[in-house]
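What follows is a set of notes on a single structure, which appears directly below.
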Amino acid sequence: QVQLVESGGGLVQAGGSLRLSCTTSDARSRYAMGWFRQAPGNEREFVAAINWSGWSGGNIIYADSVKGRFTISRDNAKNTVYLQMNSLKPEDTAVYYCAGMLGTWYSTSSLDDVDYWGQGTQVTVSS
């Protein structure tokens, strides 16, 4: 069973930055990795994804709401994916979940395509 472990959440003021990390127990980790978030009363929504660089070229997809502010990256040697979040806004407050997806993540992919989930880490942005 593949495990995804997130870290790096916390409380930050609007305009600040946080970096989330997610490490997978699967040393192969030759699949797409991504981040989703869920605010209270809302559905879980896509934030960003990065494909494995082996065959997909490591292409990256972002939700429109975070483009230009968030950056996703991965270190395959460490089996870790990162989400650098800058210029944070109160509306970014949510539980952030790491996701692992077998195969390639496309712009049309959805929650149903996620194969593995982390336990979530809380990000709170104060105004």
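FYI, the numbering just counts along the sequence from 1.
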Practice task
Please check if Y62 and V81 belong to a single hydrophobic cluster, counting links between Ile, Leu, Val, Met, Phe, Trp and Tyr side chain heavy atoms closer than 4.5 Å.
Solution key: yes
Practice task
Could you tell me how the ring of W105 sits relative to the ring of F46: parallel (under 30°), tilted (30 to 60°) or perpendicular (over 60°)?
Solution key: parallel
Problem - Trace of the side chain to side chain contact (heavy atoms under 4.5 Å, CB included) decision for M85 with D92 - result: CA-CA 9 Å; M85 304 185 294; D92 294 317; over 6 Å; no
Fill in the blank from the handout: To the nearest 0.5 Å, atom OG1 of T124 lies from atom CG of L18 at 9.5 Å
Problem - Test side chain to side chain contact (heavy atoms under 4.5 Å, CB included) applied to M33 and C22, step by step - result: CA-CA 9 Å; M33 300 290 293; C22 171; 4.1 Å; yes
Handout entry: Residues S17 and N86: side-chain donor-acceptor under 3.5 angstrom
Key = yes
Completion exercise
Taking every heavy atom of L102 against every heavy atom of D115, the minimum-distance pair comes out as N-OD2, 2.8 Å
Fill in the blank from the handout: In this structure, CZ of R74 is separated from OG of S21 (nearest 0.5 Å) by 13.5 Å
Practice task
Just jot down the side-chain hydrogen bond (donor to acceptor under 3.5 Å, both in side chains) partners of D64, sequence neighbours excluded, or say none.
Solution key: K67
Exercise for the section: Examine Y31 and I60 and state if one hydrophobic cluster contains both, with Ile, Leu, Val, Met, Phe, Trp and Tyr joined whenever side-chain heavy atoms are less than 4.5 Å apart. Expected result: yes
Problem - Residue pair W35 / L83: nearest heavy atoms and the distance that separates them - result: NE1-CB, 3.5 Å
Exercise for the section: Could you check V2 against L4 for side chain to side chain contact (heavy atoms under 4.5 Å, CB included), going step by step and ending with a plain yes or no? Expected result: CA-CA 7 Å; V2 173; L4 305 177; 4.2 Å; yes
Completion exercise
When rounded to the nearest 0.5 Å, the distance separating CD of E43 from CZ of R37 is 14.0 Å
Problem - L20-I72 co-clustered via ILVMFWY side chain contacts under 4.5 Å - result: yes
Exercise for the section: For Q119 and Y97, work out which heavy atoms get closest and say how close. Expected result: O-CE2, 3.6 Å
Completion exercise
Of all heavy-atom pairs linking S127 and P90, the shortest is CB-CG, 3.9 Å
Practice task
Return yes if some donor-acceptor pair links the side-chain N/O of E6 with the main-chain N/O of C98 below 3.5 Å, else return no.
Solution key: yes
Practice task
Report whether V47 and L88 are members of the same hydrophobic cluster (ILVMFWY, side-chain heavy atoms less than 4.5 Å apart, transitive linking).
Solution key: yes
Fill in the blank from the handout: G34 and M101 have their tightest heavy-atom pair at N-CE, 3.6 Å
Handout entry: OH (Y106) with more than 12 external heavy atoms under 6.0 Å
Key = no
Handout entry: Residues, nucleotides or ligands: over 12 heavy atoms within 6.0 Å of Q3 CD
Key = no
Practice task
Please name the pair of heavy atoms, one in V125 and one in T93, separated by the smallest distance, quoted to 0.1 Å.
Solution key: N-OG1, 2.9 Å
Exercise for the section: Report the distance from atom CD1 of I61 to atom OG1 of T104, rounding to the nearest 0.5 Å. Expected result: 9.5 Å
Fill in the blank from the handout: d(D26 CG, Y116 OH) to nearest 0.5 Å is 6.5 Å
Practice task
Please answer: with hydrophobic residues joined when any side-chain heavy atoms are less than 4.5 Å apart, are Y82 and I50 in the same cluster?
Solution key: no
Practice task
Give the intermediate values and the outcome of side chain to side chain contact (heavy atoms under 4.5 Å, CB included) for residues L111 and W117.
Solution key: CA-CA 10 Å; L111 281 171; W117 290 102; 3.4 Å; yes
